[in-house]
S.K.: 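Structure incoming, see below.
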Amino acid sequence: MKKIFLLLSFAFIFNLFSVADEGMWIPLFIKNNESRMKGMGMKISADDIYSTNHSSLKDAVVLFGRGCTGELISDEGLLITNHHCGYSQIQAHSTLENDYLKNGFWAQNRKEELVNKGLTVTFLVRMEDVTDLVLRNVDPKLTEAERAKAVEKNIKKICDEAVKGTHYQAVIKDFYNGNQYFLFVNEVFKDVRLVGAPPSSIGKFGGDADNWMWPRHTGDFSIFRIYAGKDNKPAEYAPDNVPYKPAKSFPVSIKGVEKGDFTFVYGFPGTTNQFATSYEVELIKELENPIAINMRDMRLKIIDARSKGSDLIRIQYAAKYANIANGWKKWIGENRGLQKLRTIDNKKKFEQAFEEWSLQNDALKKKYYYILPMYKDIYTQLYNSRRALKYFIEAGLGSEIIGFAWKFNNLVKLSHQKNADAKEIEKAVQLLQATTEEYFKNYDLETDRLLFINTMKAYYNSYNNENLPAGLAKIRDAFKEDFNGYTDFLFSKSALASKNKTMALLDGYQIKKLKKIEKDPAFVLASSLFTHYFDKVYPDLIRYEDQLDSLNRIYLQGLIEMQNEKTFYPDANLTLRVTYGKVDDYFPFDTTLDGIFEKEKLEYDDYQVHPKLRELYNARDFGRYGKNNTMPVCFIASNHTTGGNSGSPVINAEGQLIGINFDRNWEGTMSDLNYDASQCRNISLDMRYVLFIIDKFAGAGHLIDEMKIVQ
Ligand code: ARG
Ligand code: GLU
């Protein structure tokens, strides 16, 4: 209890000591930051940002899908997020005939809005500190596993009670490495339709070359609409659902932004690890990032070469490629940033100071002195497990056929049960049929074959001929390390490499067919790799990670006790946060439409300009959105953001929408482990450009009519 008091009381010291704009603040306590925010220029109150007594800006911000943010921009459920956040939906609706990726999509009326199966948006109804309840009767002497069980039990009870008799959903998440717990009561909408998306030459302008870079000219937005039942409550998709009426939506400002303007970002940052020890950072920087970067480098080259030769493959692999490339480039930037900041050395020095501090009296010594040696010990043992896991994910699963084959495991297991339940089997078969249908829509055999040869070889080599999983031992023993031969064998013999053959396996499935699946070479390999992981890697991994969880919790208590003048903010955990800063120029680059036409001269694939955009530019037809005879496109600011903040509203002093967050600068991507106020910036799309594209480019003025525009 005392430590919680400590955490909260620090918040009040904030105004005295804070200099940088670092921090991802909990909206429930945003009052503690209010005077600092007002000092920087904010005109609205903390209560306007988060309140449960009346509508507040939190009612206009949603978790979009499972990893992005979106915001409401009309009273008829219109929602805006990034193009890259809606990418898989836009991709899923795209075909060679209707290539919405390439040409964009604009629903001319509500009937034309496109349904997206499985897409949800989540509103926060309220949040509450439930630490005492979660830790009730949890003996501090329990092992980490026992503690987790006890905590789990309490959590279930609290959640059940919190939403009893409502249509809400409840989750509890831990903060400050398990030192504090918050309850989130959420409302989840399930009918979210695609309304509009610019062509990729705008929404993804600059592509992967510009990704994580400043200056930037990407029109990274897409528009959806939330639908509800007639009672305005969440409903499964139905044709007669009606546009959702939100409690709050953002007015959109076209007054523009200037360097030094106050701004804040309200959204769902996913993961940061600011309290990580030098050991953790070293493992990430020296081991995990290089493995992932190398493996992805190889895969990207293969997919890129195949996509260049075929529009179909380009469409099929667009979303997959973007995903692989995004992490690849981020980790390259992260490693450079960590190097430049000498993060490992600095953490080591800090850890030494921590040890010295803990030696000043017996009580502290007992509480904290053992921690760092123990970290060292655990990380030494953990090394191999983390290495194996990384290789498993990045190489073992680097071709798609392995992951796909493993999906048949459930059916195989069910079929083996003594009194196999026919209904359950039938359900499993149906699920696989649907999965197969989806899977092959975006599958190119030759691309996957190339991915397979290269990643499997790398995975094989990662074992240095020690303790090979049976599937890989077979490549050594039966195929004498002839990877081409083995790949030819697997892809020609496996039914799972062909849609027709897979469907034939499933069609009228009977337990007799079980043998066929079990003998399928892709299934045999997948099953060997997964079994090896579950039996040989996972048990150690989870044992050490559990020990780390417990250590991390105590270490953070120690950090707070030691730096009692410092304000701590919790690591990102995909819960709603506020971060604030100022519009910056970073480097004075041209980030108007002029810059787009400068880039076009470089003649890269990623810098092609849509003819309609050129027409508007040449005619200087910017309507009320332009400035100085050109069109502002993006801006940069000092808000502390991370993955998950994509699509977040960037808000001005008056609480109006001025931009949409979509990236960070490459030099700043180490901020997840080591924030640096002088280098870390967030990149946003200017709302004036968004409205210009909707209005002038797409001719979808009816959408603008729904919004409240502030001139
Ligand atoms: N880097 C941004 C983020 O982390 C944008 C990614 C999408 N864009 C791309 N070119 N892959 O999500
Ligand atoms: N593009 C990222 C996202 O999808 C945001 C950039 C970042 O990592 O800060 O959330």
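In each ligand, atom 1 is the first atom listed, and ligand 1 is the first ligand listed.
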S.K.: Could you list each nitrogen or oxygen of ligand 2 that sits under 3.5 Å from a protein nitrogen or oxygen, with the atom names and the distance?
M.R.:
residue	atom	partner	partner atom	Å
ligand 2	1 (N)	His84	NE2	3.4
ligand 2	1 (N)	Ser646	OG	2.7
ligand 2	1 (N)	Phe662	O	2.9
ligand 2	4 (O)	His84	NE2	3.0
ligand 2	4 (O)	Ser646	OG	2.5
ligand 2	8 (O)	Gly643	N	2.9
ligand 2	8 (O)	Arg664	NE	3.4
ligand 2	8 (O)	Arg664	NH2	2.8
ligand 2	9 (O)	Arg664	NE	2.6
ligand 2	10 (O)	Gly644	N	2.5
ligand 2	10 (O)	Ser646	N	3.0
ligand 2	10 (O)	Ser646	OG	2.8

S.K.: Just to verify, what does Lys612 make a salt bridge (Lys or Arg N to Asp or Glu O under 4.0 Å) with, not counting sequence neighbours?
M.R.: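 Lys612 satisfies salt bridge (Lys or Arg N to Asp or Glu O under 4.0 Å) with no residue once adjacent residues are dropped.
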S.K.: Stepwise, does the side-chain hydrogen bond (donor to acceptor under 3.5 Å, both in side chains) test hold for Tyr617 with Asp594?
M.R.: CA-CA 9 Å; Tyr617 178 71; Asp594 299 348; 2.7 Å; yes
S.K.: Quick one: look at Lys204 and ligand 1, take heavy-atom pairs under 4.0 Å, and tell me if it's side chain, backbone, both or neither.
M.R.: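 Under 4.0 Å from ligand 1, Lys204 contributes side-chain atoms alone.
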S.K.: Which of these, Thr272, Asn682, Asp672, sits in a side-chain hydrogen bond (donor to acceptor under 3.5 Å, both in side chains) with Thr642?
M.R.: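 Passing option: Asp672.
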S.K.: At what distance is the nearest protein heavy atom to atom 4 (O) of ligand 1, and which residue and atom is it?
M.R.: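 Heavy-atom neighbour on the protein nearest atom 4 (O) of ligand 1: Asn326 ND2, 2.9 Å.
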S.K.: Where the side chain of Asn661 meets the backbone of Gly647, is there a donor-acceptor pair that is under 3.5 Å apart?
M.R.: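 Pair absent, no side-chain N/O of Asn661 close to backbone of Gly647.
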S.K.: Enumerate the atoms of ligand 1 whose separation from the nearest heavy atom of Asp663 is less than 4.0 angstrom.
M.R.: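 Counting from 1, the qualifying ligand atoms are 1 (N), 2 (C).
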S.K.: For Gly207, take its heavy atoms, then give the atoms of ligand 1 lying under 4.0 Å from any of them.
M.R.: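 Those of ligand 1 that fall under 4.0 Å from Gly207 are 10 (N).
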S.K.: Using heavy atoms and a 4.0 Å limit, tell me yes or no: is Ala325 in contact with ligand 1?
M.R.: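 Ala325: no contact with ligand 1 (<4.0 Å).
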S.K.: For Trp106 and Phe221, take the angle between the two ring planes, folded into 0 to 90°, and tell me which bin it lands in: parallel under 30, tilted 30 to 60, perpendicular over 60.
M.R.: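 Geometry flag for Phe221 against Trp106: tilted rings.
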S.K.: Considering only heavy atoms, does Tyr87 approach ligand 1 within less than 4.0 Å through its side chain, its backbone, both, or neither?
M.R.: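 It is neither; nothing of Tyr87 touches ligand 1.
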S.K.: Look at the aromatic rings of Tyr244 and Phe189 and report parallel, tilted or perpendicular, splitting at 30° and 60°.
M.R.: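 Rings of Tyr244 and Phe189: tilted, as their planes differ by 30° to 60°.
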S.K.: Tell me which one of Asn211, Thr669, Asp208 gets a heavy atom nearest to atom 5 (C) of ligand 1.
M.R.: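 Selected option, by shortest heavy-atom distance: Asn211.
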S.K.: Consider only side-chain N and O atoms of Tyr580 and Asp21, and report whether a donor and an acceptor are under 3.5 Å apart.
M.R.: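 Short answer, no.
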S.K.: Salt bridge between Arg386 and Glu288, side-chain N to carboxylate O under 4.0 Å?
M.R.: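 Salt bridge: yes.
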S.K.: Check whether the ring centres of Phe182 and Phe175 lie less than 6.0 Å apart, and answer yes or no.
M.R.: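 Yes - the distance between ring centres of Phe182 and Phe175 falls below the 6.0 Å cut-off.
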